Amino acid sequence: MAEKVTPRSEDYSRWYTDVVQRAELADYSPVRGSMVIRPYGYALWENIQSALDGMFKETGHQNAYFPLLIPLSFMQREAEHVEGFAPELALVTHGGGKELEEPLVIRPTSETIINAMFAKWIKSYRDLPVLINQWGNVVRWEMRTRLFLRTTEFLWQEGHTAHETESEARAETRQMLDIYARLAEEWAATPVIRGRKSEAEKFAGAVDTYAIEALMGDRKALQAGTSHYLGQNFAKVFEIEFLDRNNELQHPHQTSWGASTRLVGMAVMVHGDDQGLVLPPRIAPHEVVVVPIARSDAAERAAVIEAAGRVRDELAAAGIRVVLDDREEVTPGFKFNEWEMKGVPVRIELGPRDLAEAQAVVARRDQPGKESKQAFPLTGIAGAVREMLDEVQEALYQRALAFQKENSHHPASYEEMKDLLAESGGFHYAGWCGSATCEQTVKADTQATIRVIPFDQPDNPGRCIACDEPATDEVVFAKAY
RNA sequence: CGGGCUGUGGCGCAGUUUGGCAGCGCACCUGCUUUGGGAGCAGGGGGUCGCCGGUUCAAAUCCGGCCAGCCCGACCA
C-alpha cells in the first residue's frame, strides 16, 4: 500500500488528500471533479448510512426513489431555487441520438421532482404527514473539488416531508437536525454546533435553514448536515393542495433535509493524525484487526494462526467487527503501519510469547506507539476489547470536544477577531445586528462567514462585532469548507 | 473563471539548461532465507516520456498550440 503521508502540520490539504488515498477510501476518477469511493471508504459510508437510516425509520420515515433526470422546467418553477442552483446544473440535451425537446437536468437535489409527485399523492389531511427519504446521488457542477468534501457527483440522502401545519413541519425540521447531530456526536465522535443559517447562507428556496457545524483539524468549519423549513414555497408552485379538517383547501408545510458522503471527510479531518486515519469504532469498517506473529517453525506457526483465528471468532461472536490479517507475504511491522493508516481503532497482536502466557497484546489507535500497548488475558478477551472500543469512542469525542473548546473564541473587538481569524481560524462567537451588510463586511475582511446562529443564545447578545449597533443574536463566524 | 505549480512504467522522481541507447527508488512477479514496528539476497516483467503539429540526420529535451491534474482565491453539502 503506502508509505508516509505529508505531516498534518506541514500542509493540511495535502495531508488530507494523502490520507484519503493511502487509506484506500477513495481515488480520483477519469472525470474531472468526481471520485471513486473504494470498498474501504464505502464500508465506512455504509456504517454512517445505516446509522442514519435506522434513525430515520425510528422516526417514521420511509425510503423511496425518485429519478435522476428532472425536466428543466421543474427546476425553474421556484424562483429562488433555480437562481441558487442554475450555476451548478448539469444538463442532458441529447438522448437516443436526438436532441431532446426539453433539456433534462441531472438532479442537484430533488425538491422539484418529489413535489411534483406529492401534488398527485396528497389530497386530504388524512394523507399527511408524508415522510419520505431517498438515498441517492446528485450532481452539482463545482469549480473546485476535494475528495469527499466537494465533488461534482456525491452520495447523500435527502428527506422530503409534507405536513398539515407550520408548527408540525418546523418540529420535523428540528427533529431531523437533532438526528444529524446525534450521528455526528454519538457515531462520528464529532461535537457540533446546532443552529440556524443566516439569510445569505440558507438553502435556495427555503424559509429557514438549520445546520450542524463541526470544527476540522485545521480550525475551519464544516457544515455536516442541513435541515430546511420550506414553508409553502414549493407547495404553491407545484400546486400541492389538500382539504383540511374544515373542508378548506390548504398548501402543506414542508421540510427537506440532507447529509452526504461529506461526513466521511469530516471523520477523516477531525480524528486523523500523521499515521493516517483514526476512526471512531462505531463507524469503523473494522473495529479490531488481529495480527498473528508467526515465525517459520511450522508447528509454532500453526498454533499461533489457530489461536489468532479463535480470538477472531470469539470477538465476532460478541458482535465486534473484526478482521484477521493472516497474510504471509508481509511482516507484522508492515501490517501495524498499514492498519494504522486505515485507522482501525484496536489492534490485537498474538505471537508465540503471548501464547505461552495465555495473553494477547492490545494496542489502541488513538494512543499510538509501543508504550501504550498492554497485555490482556485470552480468557474473556472479547469483553475487555468491547470495553476498550467504548473507551476509544469516548476518548475521540472528548479530544475533539476539547479541541473545539480551545478554538472557540469570544473576541472582545472586531480587531481581535480579525487577528485571531488570520492567525488560527476557529469558531468566533460574536454579536450580529442582523444586517447583510455587516455579514459581507466580515467576509470581505476575514474570509469568515456566519456558520450558524446557535440555538443556545446568551441572555444578552451584546453589540454587533462589525458595526457596534445592538446585536439581535450571537452568531458563530468561521472560515469554512 | 483568475494566479501558481506539475505532466517521464502502478506510485514518487531524475534526465530537459548544452538534442545523441529512457533511468532510479518504491510497488509488482519467481525462488530461498525471514517474521514482536514499514525484512534480506538473487533473478525477472513492465514506459508510443500528457496530446497534436513544427525544427532537425536525430526530440523526453528546442519551438507553437492544445489538454489534464494539483494548490491558492471567487461559488457550494
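Nothing here was measured: the structure is a model prediction, and the numbers come from that model. The sequence lines fix the lettering, A, B, ..., with proteins before strands; numbering per chain opens at 1.
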Listed pairs under 3.5 Å, donor-acceptor, residues 289-301 of chain A side chains, sequence neighbours left out:
from, atom 1, to, atom 2, distance (Å)
A:Arg295, NE, A:Glu300, OE1, 3.1
A:Arg295, NH2, A:Glu300, OE1, 3.4
A:Arg295, NH2, A:Glu300, OE2, 3.1
A:Asp297, OD2, A:Ala299, N, 3.4
A:Asp297, OD2, A:Glu300, N, 2.9
A:Arg301, NH1, A:Arg295, O, 3.3

* Structure fact -> Between CZ of A:Arg301 and C1' of B:G36 the distance, given in whole Å, is 14 Å
* **A:Lys342/A:Glu340 salt bridge by N-O under 4.0 Å criterion** => no
* Say you pick atom C1' in B:C21 and the same atom in B:C63; how far apart are they, in whole Å? -> 25 Å
* Asked: Ion pair present between A:Asp273 and A:Arg365, side-chain N to carboxylate O less than 4.0 angstrom?
  -> yes
* For B:G64, give its Watson-Crick or G-U wobble partner with both distances under 3.5 Å, or none. => B:C52
* To the nearest Å, how far apart are A:Lys479 NZ and B:C75 C1'? -> 18 Å
* Asked: Mind checking who B:G69 pairs with, Watson-Crick or G-U wobble, both distances under 3.5 Å?
  -> B:C5
* Structure fact -> Re B:C11: Watson-Crick or G-U wobble partner, both distances kept under 3.5 Å, found to be B:G25
* **Ion pair A:Lys418/A:Glu415, N-O distance below 4.0 Å** => yes
* Applying ring-ring contact (aromatic ring centres under 6.0 Å, His included), name anything that partners A:Tyr210, two or more places apart in sequence or on another chain. => A:Phe455
* Asked: Do the charged groups of A:Arg310 and A:Glu314 touch, with an N to O distance under 4.0 Å?
  -> no
* Structure fact -> Closest of B:G36, B:A39, B:G37 to the A:Val361 side chain is B:G36
* Euclidean distance for C1', B:G20 against B:C62 (whole angstrom) -> 14 Å
* Structure fact -> pair_partner(B:U30), Watson-Crick or wobble, both distances < 3.5 Å, evaluates to B:A42
* To do: Decide ring-ring contact (aromatic ring centres under 6.0 Å, His included) for A:His160 and A:Phe118; before the verdict, give the C-alpha distance in whole Å, the side-chain angles of both, and the deciding distance to 0.1 Å.
  => CA-CA 10 Å; A:His160 296 270; A:Phe118 279 9; 7.3 Å; no
* Name all residues meeting the salt bridge (Lys or Arg N to Asp or Glu O under 4.0 Å) criterion together with A:Asp354; count only those two or more places apart in sequence or in a different chain, and write none if there are none. => none
* Structure fact -> When rounded to whole Å, the CZ to P distance for the pair A:Arg365 and B:G37 reads 17 Å
* Asked: Touch check for A:Thr151, heavy atoms < 4.0 angstrom, all strands: base, sugar-phosphate only, or nothing?
  -> base
* Structure fact -> Applying the 3.5 Å cut-off to both distances, the Watson-Crick or G-U partner of B:U35 turns out to be none
* Would A:Arg182 and A:Glu185 pass as an ion pair if we require N to O under 4.0 Å? -> no
* For atom P, what is the distance between B:A59 and B:G12, given to the nearest Å? -> 28 Å
* Could you work out the separation of B:G23 and B:U33 based on their C1' atoms and round it to a whole Å? => 30 Å
* Structure fact -> Here the distance between atom C1' of B:G38 and atom CD of A:Gln275, to the nearest Å, is 11 Å
* Indicate whether the side chain of A:Thr255 and that of A:Thr161 have a donor and an acceptor atom separated by less than 3.5 Å. => yes
* Asked: Does A:Arg140 come within less than 4.0 Å of A:Glu153, counting only side-chain N to carboxylate O?
  -> no
* Results of side chain to side chain donor-acceptor pair (under 3.5 Å) for A:Lys57 - residues two or more places apart only -> A:Asp53
* To do: Hey, could you give me each pair passing ring pair (Phe, Tyr, Trp, His ring centres under 6.0 Å) that has a residue in residues 256-281 of chain A? Not counting sequence neighbours.
  => A:Phe56-A:Trp257, A:His61-A:Trp257
* **For atom CZ of A:Phe334 and atom P of B:G38, their distance in whole Å** => 11 Å
* Asked: Using atom P of each nucleotide, how far apart are B:G2 and B:G45 to the nearest Å?
  -> 48 Å
* **B:G46 to B:C24 separation - P atoms, rounded to the nearest Å** => 14 Å
* Structure fact -> Sorted by number, residues from residues 345-357 of chain A placing a heavy atom under 4.0 Å from RNA chain B are A:Arg347, A:Glu349, A:Gly351, A:Pro352, A:Arg353, A:Asp354
* So, is A:Thr331 close to the B:U35 phosphate, meaning a side-chain N or O under 4.0 Å from OP1 or OP2? -> no
* Asked: For B:G20, what is the paired nucleotide under Watson-Crick or G-U wobble rules, both distances under 3.5 Å?
  -> B:C57
* Along RNA chain B (nearest heavy atom to each residue), the more 5'-positioned of A:Lys370 and A:Phe85 -> A:Lys370
* Separation of atom CE in A:Met341 from atom C1' in B:G37, rounded to whole Å -> 14 Å
* Structure fact -> Applying the 3.5 Å cut-off to both distances, the Watson-Crick or G-U partner of B:A74 turns out to be none
Filtered N/O pairs between nucleotides 70-74 of chain B and protein, under 3.5 Å:
from, atom 1, to, atom 2, distance (Å)
B:C72, OP1, A:Ser13, OG, 3.0
B:C72, OP2, A:Arg144, NH2, 2.4

* Asked: How many angstroms lie between CZ in A:Phe336 and NZ in A:Lys370, if you round to the nearest 0.5 Å?
  -> 9.5 Å
* Asked: Roughly how many Å is it from CD in A:Gln359 to P in B:G36, rounded to a whole number?
  -> 17 Å
* **Inter-nucleotide C1' distance (B:C52, B:A14), Å rounded** => 27 Å
* **Touch class at under 4.0 angstrom, heavy-atom based, for A:Leu222 against every strand present** => nothing
* To do: Would you state whether a donor and an acceptor, one from the side chain of A:Lys373 and one from the base of B:G37, lie under 3.5 Å apart?
  => yes
* Can you tell me which residue pairs pass the salt bridge (Lys or Arg N to Asp or Glu O under 4.0 Å) test with a partner in residues 73-83 of chain A, sequence neighbours excluded? => none
Which atoms of nucleotides 28-30 of chain B (N or O only) lie under 3.5 Å from a protein N or O atom, and what are those distances?
none

* Whole angstrom value for the distance that separates C1' of B:G69 from CG of A:Asp27 -> 13 Å
* To do: Could you name each residue pair satisfying salt bridge (Lys or Arg N to Asp or Glu O under 4.0 Å) that touches residues 203-226 of chain A, not counting sequence neighbours?
  => A:Arg170-A:Asp208, A:Lys197-A:Glu213, A:Glu213-A:Arg451
* Please state the C1' separation for the pair B:C51 and B:A60 - nearest whole angstrom. => 14 Å
* Can you sort out which residues in residues 284-299 of chain A have a heavy atom within less than 4.0 Å of RNA chain B? Ascending by number, please. => A:Ile293, A:Ala294, A:Arg295, A:Ser296
In a table with atom names and distances, give each donor-acceptor pair under 3.5 Å that connects a side chain of residues 279-288 of chain A to protein atoms at least two apart or in another chain.
from, atom 1, to, atom 2, distance (Å)
A:Arg282, NH1, A:Glu186, O, 3.2
A:Glu287, OE1, A:Arg321, N, 2.8
A:Glu287, OE2, A:Arg386, NH2, 3.3

* A:Glu340 has a side chain; which of B:C75, B:G37, B:A39 sits nearest to it? -> B:G37
